[in-house]
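Have a look at the structure below before the remarks.
Keep in mind the model is a prediction, meaning the values are calculated, not measured. Below, chains carry the letters A, B, ... as their sequence lines are ordered, and counting in each starts from 1.
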There are 2 protein chains.
Amino acid sequence: MGSCGRRQFFVTGLLADNHPPAEAKARLAERFRVWSSRAFDLAGCPVRGVLDALGDKWTTLIVITLSQRPHRFSEIQRAVPDISKRMLAQTLRDLERDGLIARRVFPTKPPSVEYRLTDLGESLLDPLVGLIAWAERNQGPIAEARTAFDAAVAD
Amino acid sequence: MGSCGRRQFFVTGLLADNHPPAEAKARLAERFRVWSSRAFDLAGCPVRGVLDALGDKWTTLIVITLSQRPHRFSEIQRAVPDISKRMLAQTLRDLERDGLIARRVFPTKPPSVEYRLTDLGESLLDPLVGLIAWAERNQGPIAEARTAFDAAVAD
DNA sequence: CAGAATCCTTCGTGATACTG
DNA sequence: CAGTATCACGAAGGATTCTG
């Protein structure tokens, strides 16, 4: 998957206490100092890690689908629009490898396989909802900014 | 950029009230019903939108860098490891287009340009910190899951 | 049904060179 | 300094076929 580059982008300790709105900036500032001081020395890169895991085309849609209840392979395929079998299998495999979902095979014929979120996977839902909520809240402003920008570029 | 596919993945209304930990699942369940009912009829796809915007290699690193203070072009390039001028310019342009950062040109010679987060951009920091915190908190378990999975695959 | 394997196309990204 | 333009490559993703 993606790399963090030769130099590592390093941010740690953000979770020390809870974070009231607008404290985020201050928290990042604190962490940024840590990152700057050892940027080139240590491994581990949460920012890149989480983005490599969730940034692809299907992962979050599958996680959201599984957030409701366990699904079978073909159920997910019906639930997630336009995903191919190839990408579904691959994404499920990656999610299982990261410990976010559990795979359970029922030895029926034809075989059926159930996928469900692990506790780790469910713990991701909270921050994920935060992001989605932000996206919904700011859909309008972003769309406006885009049309304004495009109009300005067109002279 | 990326598309939502012919059929739209639609989730709305997540931000009605605040969300104590572990309520995320219930909130998603509610939204999922809405999504299912009009998945094929309406446009707008916050999940895809935010992922298309943040899922690339450099966007979040730049946002985090700018979260501390305004930066000039070359400052960002020094702060973000291994980014090329091409990708820096392109990512900054996309961020400006979405209204997340503001660009200000000082007519000096040689010219200098300052980038800063807009209010919209700063509002992204909070959910972003949530994701990073999750990533840090679960770096260990994920790494363990991977090695366990790889070992199991290797028979 | 639940995949694996193969091929093929498109996109994101990097390297390099040029400009105001 | 702050970009743009062009080329080239590798990886992500899609379509298809095969299997247990």
Side-chain angles (χ1 to χ4, degrees), chain A residues 1-7 9 48 51-62 65-66 70-97 101-116 149 153 155, chain B residues 1-7 9 48 51-62 65-66 70-97 101-116 149 153 155:
Chain A
M1 294 277 171
S3 81
C4 226
R6 287 180 292 100
R7 306 166 180 179
F9 197 89
R48 304 312 298 244
L51 258 56
D52 285 347
L54 307 180
D56 66 283
K57 204 172 177 183
W58 305 112
T59 297
T60 52
L61 298 187
I62 293 176
T65 298
L66 292 181
H71 280 64
R72 294 180 47 187
F73 187 90
S74 50
E75 274 187 309
I76 307 177
Q77 195 172 15
R78 279 188 296 273
V80 178
D82 297 324
I83 192 173
S84 65
K85 276 211 284 199
R86 179 186 173 334
M87 291 315 298
L88 179 54
Q90 178 180 309
T91 308
L92 286 172
R93 190 182 168 88
D94 290 342
L95 281 169
E96 189 194 359
R97 190 172 107 95
I101 67 176
R103 193 181 106 115
R104 194 171 158 203
V105 182
F106 295 92
T108 58
K109 44 179 176 165
S112 94
V113 181
E114 177 196 89
Y115 294 89
R116 66 166 68 233
F149 183 89
V153 166
D155 295 344
Chain B
M1 292 283 167
S3 81
C4 227
R6 287 180 289 101
R7 305 166 180 180
F9 196 90
R48 304 311 302 239
L51 257 58
D52 285 347
L54 307 180
D56 66 284
K57 203 172 177 181
W58 305 111
T59 298
T60 51
L61 299 187
I62 293 175
T65 299
L66 292 181
H71 279 65
R72 294 180 46 185
F73 187 91
S74 50
E75 274 186 310
I76 306 176
Q77 196 172 17
R78 278 188 295 274
V80 177
D82 296 325
I83 194 174
S84 65
K85 274 211 280 200
R86 180 193 182 311
M87 290 315 298
L88 179 54
Q90 179 179 310
T91 308
L92 286 172
R93 190 182 169 87
D94 291 342
L95 282 169
E96 189 195 0
R97 190 172 107 95
I101 66 175
R103 194 183 105 115
R104 195 171 159 203
V105 182
F106 296 91
T108 58
K109 43 178 177 166
S112 95
V113 182
E114 177 196 89
Y115 294 90
R116 66 166 68 232
F149 183 89
V153 166
D155 296 342

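Here C:dG3 presents its C1' atom at 16 Å from CG of A:Leu95, a figure rounded to the nearest Å. When rounded to the nearest whole Å, the span between NZ of B:Lys109 and P of D:dA2 equals 17 Å. B:Asp52 has its CG atom 11 Å from the P atom of D:dG13, to the nearest Å. A straight line from CD of B:Glu75 to C1' of D:dA2 spans 13 Å, rounded to a whole angstrom. As a whole-Å value, the separation of B:Leu88 CG from D:dT4 C1' is 13 Å. The distance from atom NE2 of B:His71 to atom P of D:dG3 is 15 Å, rounded to the nearest whole Å. If you measure from atom CD of B:Glu96 to atom P of D:dG3, you get 9 Å, rounded to the nearest angstrom. Straight-line distance from the CD1 atom of A:Ile62 to the P atom of C:dG3: 12 Å, rounded to whole Å.
Contact between the side-chain N/O atoms of A:Arg72 and the OP1/OP2 oxygens of C:dC1 is not found at any separation under 4.0 Å. For the pair B:Tyr115 and D:dC1, the criterion of a side-chain N or O lying under 4.0 Å from OP1 or OP2 is not met. Between B:Ser112 and D:dC1 there is no side-chain polar atom (N or O) within less than 4.0 angstrom of OP1 or OP2.
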Nucleotide-resolved protein contact map, nucleotides 13-20 of chain C, B/S/- at heavy-atom distance under 4.0 Å: BBB----B
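The residue B:Phe106 sits apart from the nucleic acid: no heavy atom pair falls under 4.0 Å.
In terms of the side chain to side chain donor-acceptor pair (under 3.5 Å) criterion, residue partners of B:Arg116 (sequence neighbours excluded) are, by chain and number, B:Glu114. Under the side-chain contact (heavy atoms from CB on, under 4.5 Å) criterion, A:Ser74 pairs with A:Arg78, sequence neighbours left out. Residues meeting the side chain to side chain donor-acceptor pair (under 3.5 Å) test with A:Arg93, sequence neighbours left out: none. Residues satisfying the side chain to side chain donor-acceptor pair (under 3.5 Å) test with A:Thr91, not counting sequence neighbours, are none. Residues satisfying the side chain to side chain donor-acceptor pair (under 3.5 Å) criterion with B:Arg104, sequence neighbours excluded, are absent altogether. For B:Ile101, the side-chain contact (heavy atoms from CB on, under 4.5 Å) partners are B:Leu66, B:Leu92, B:Leu95, B:Glu96, B:Tyr115, B:Leu117, not counting sequence neighbours.
Using five terminal pairs a side, the axes of the helix from C:dC1-D:dG20 to C:dG20-D:dC1 at its two ends make an angle of 40°, given in steps of 10 degrees.
If you check D:dA2, C:dC1, D:dT4 against the side chain of A:Ser74, the one that comes closest is C:dC1. When distances are taken from the side chain of B:Val113 to each of C:dA4, C:dG3, D:dA2, the shortest belongs to D:dA2.
For the pair A:Ile83 and A:Gln77, the tightest heavy-atom approach, listed with the atom from each and the gap, is O-NE2, 3.7 Å. Here the closest non-hydrogen pair linking A:Glu75 and A:Pro70 is OE1-O, 4.2 Å. Listed here is the closest heavy atom pair of B:Leu51 and A:Leu54: CD2-O, 3.4 Å.
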